[in-house]
Amino acid sequence: MPRDPDPPPAKRFKPGSPFSRLDKKKPGMLLPRAGHAPVNVDAQRKQLPIYQSRTQLINQIRQLHSAVFIGETGSGKTTQIPQYLYEAGIGRQGIIGITQPRRVAAISLAARVAEEKKVQLGKLVGYTVRFEDVTSSETKLKFMTDGMLLREAIGDPLLLRYTVVILDEAHERTVHTDVLFGVVKAAQRKRIEQNKIPLKEAPASHDILVFMTGQEEIEALARTCRDISKHLPESCGPMTVVPLYASLPPAQQLRVFQPAPKGSRKVVLSTNIAETSITISGIKYVIDTGMVKAKRYNPDSGLEVLAVQRVSKAQAWQRSGRAGREDAGSCYRLYTEEEFDNLANMTVPEIQRCNLASVILQLLALGVPDVLNFDFMSKPSPESLRTAVEQLCILGAVDRKDDHVSLTPLGKKMACFPLEPRFSKTLLISPDFSCAEEVLTIISLLSVDSVLYNPPARRDDVLAVRRKFISSEGDHMTLLNIYRAFKKVSGNKDWCRENFVNSRNMGLVLEVRAQLRDICIKMNMKLESSLSDLTNVRRCLAHGLFMNAAELQPDGSYVALDTHQPVAIHPSSVLFQAKPACVVFNELLHTSRCYMRDLCLVDAEWLQEAAPEYFRRKLRATKS
DNA sequence: GAGCACTGC
């Protein structure tokens, strides 16, 4: 694999980058800042709580093939253990890999450890994340995202390049970490069986803040609070109310960090964004409503539901922990002790509440023989596994004989793309419709957060400028028009601002597109453009997304062809006021109703030609 | 006539 021996210095410690926040969150990770006097790194390392246990820790690890480390935040687990292992000569024959659920963490940790070891980043200490590989043949301590190691495992299921794998932040229970546990366990077992060097594995890990469920609720309470604050007795002092939720424009989000005017009390009304992502200093009291809006997954219908539900105990503790970070604080829970006792201990791991199609495809690609009985840390329900295999079967990615599931040649190719299976499939068949370039663009656009910026305050302006991009053929074609216009002005920032296009996300689209295009080229796919006639593009989408199709009923409502459940066009769609006879859609979201999001107009005939057998069965199911 | 929050390949 080609490596860049001299990593670009960009992306390191940019002013205002997340790193300045990270060092507050993780006291164990002391990051260099420009303008500071040089600090004695060695002395700092020795002050970390973990230093006292160093010898004992190393001796124990020598005896063990697997170990679990538990330590306080800031104890130095993540930065020190890999160095201790290396310094003690454990795992020196190969690479010590340390996984992180997030890119920034992998990058900043590598930078910190390189600094502690006084080496240039990318030599002895490096990192690998999507779009960036700052490692070389010299790299022995490699920080990486867990998703990246999972990708590597497809080519190297026994992880033979590694002598030690450390799965950090394992308590977060992301799908990638959960799957990695199974993969690493299997690699460990096989390496012992084959007399290879066994892997060593080790998971580490006077203002008011009110937690509420959503934007609407927050804005309503903000109005009430502002009314109340006008009529407070004089002894009370004034109150500054600040709402906080993700879709709030960044400038308004920053208001939570501004101290309230002197003598005034700041009251922050927030969604769970303040639970983990944003830390506000000076919070003395937390008020926890005990509720959260979260996604749930119904394996029978394959449908995600966004619903208000009770928090888990772990979440309640996390919320209370947001008070008094500098000083003693208190948390008021708006529920009884009995209710608290009845809360689930932990939030259900993500792997038990998401669609598993891509996880199963990936496991098959890395050669796991019996995916249905894979050693998951927390087993997903059999229905959820069955639904995933069924979906892959319908897409032609797997064959199923009795209880044995195997990858088809198409499935093998699909696994090469970092995409949901239905998108990989759409991309792989696009050369048959001579429109691979357009499909690459559309899938890249769907792979990142929305490139459309919709500030509620400027709703009318947004509608007016967006009109020129709107396609009567649906949201995919509208997005394609926006992308083409963006390319025409070479991504001009002023153009983006005038047209309410999020230029950062558009930049990500370009990166994703380049990555996917590289994979297509390696597979010798014919990359053609369909230029002005987009019928082929829609036909290709119909062939790839036929499982997500819906049809207009005589009464003007819609029914999903897969489950026969009633669905509706989401008001954000350009087809909201149209009545297309037949559409494919990206996703279903159950809130007040069951909404289809991102729609594309298709011919019913295209769906039939895409999957005749599937629709014959669906038809029979309707009749019976 | 509507948008919990993140993360990742």
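Protein chains get the first letters and strands the later ones, always in sequence-line order, with residue 1 at the start of each. None of these values were measured; they are calculated from a predicted model.
For the side-chain hydrogen bond (donor to acceptor under 3.5 Å, both in side chains) with Thr441(A), the lone residue among Arg517(A), Arg513(A), His476(A) that qualifies is Arg513(A).
Nucleotide dG1(B) holds its C1' atom 9 Å from the CD atom of Gln577(A), rounded to whole Å. One interatomic measurement links the two molecules: CD of Glu132(A) to C1' of dG8(B), which rounds to 15 Å at whole-angstrom precision. The separation between Gln515(A) atom CD and dC9(B) atom C1' is 7 Å, rounded to whole Å. Taking atom NZ on Lys579(A) and atom P on dG1(B), their separation rounds to 10 Å, with Å as the unit. Between the P atom of dG8(B) and the CZ atom of Arg130(A) lies a distance of 10 Å, rounded to the nearest Å. Rounded to whole Å, the distance from CD on Glu511(A) to P on dC9(B) is 11 Å. What separates CD of Glu420(A) from C1' of dG8(B) is a distance of 12 Å, to the nearest Å. If you measure from atom NE2 of His176(A) to atom P of dG8(B), you get 10 Å, rounded to the nearest angstrom.
Classification of the Phe340(A)-Tyr335(A) ring pair by plane angle, with boundaries at 30° and 60°, yields parallel.
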Quiz: residues 212-219 of chain A side-chain donor-acceptor pairs under 3.5 angstrom, not counting sequence neighbours:
{"residue": "Thr213(A)", "atom": "OG1", "partner": "Glu217(A)", "partner atom": "OE1", "Å": "2.6"}
{"residue": "Gln215(A)", "atom": "OE1", "partner": "Ser247(A)", "partner atom": "OG", "Å": "3.3"}
{"residue": "Glu217(A)", "atom": "OE1", "partner": "Thr213(A)", "partner atom": "N", "Å": "2.9"}
{"residue": "Glu219(A)", "atom": "OE2", "partner": "Tyr245(A)", "partner atom": "OH", "Å": "2.4"}

**OP:** Could you run through nucleotides 2-7 of chain B and give me one letter per nucleotide, 5' to 3': B if any protein heavy atom sits under 4.0 Å from the base, S if only the sugar-phosphate is that close, - if neither?
**Re:** BSBSSS
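Residues meeting the salt bridge (charged side-chain N to carboxylate O under 4.0 Å, His left out) test with Glu339(A), sequence neighbours left out: Arg310(A).
Residues Met346(A) and Arg173(A) form no side-chain contact, since every pair of their non-hydrogen atoms from C-beta on lies 4.5 Å or further apart. Between Phe181(A) and Leu167(A), the closest side-chain pair of non-hydrogen atoms falls below 4.5 Å.
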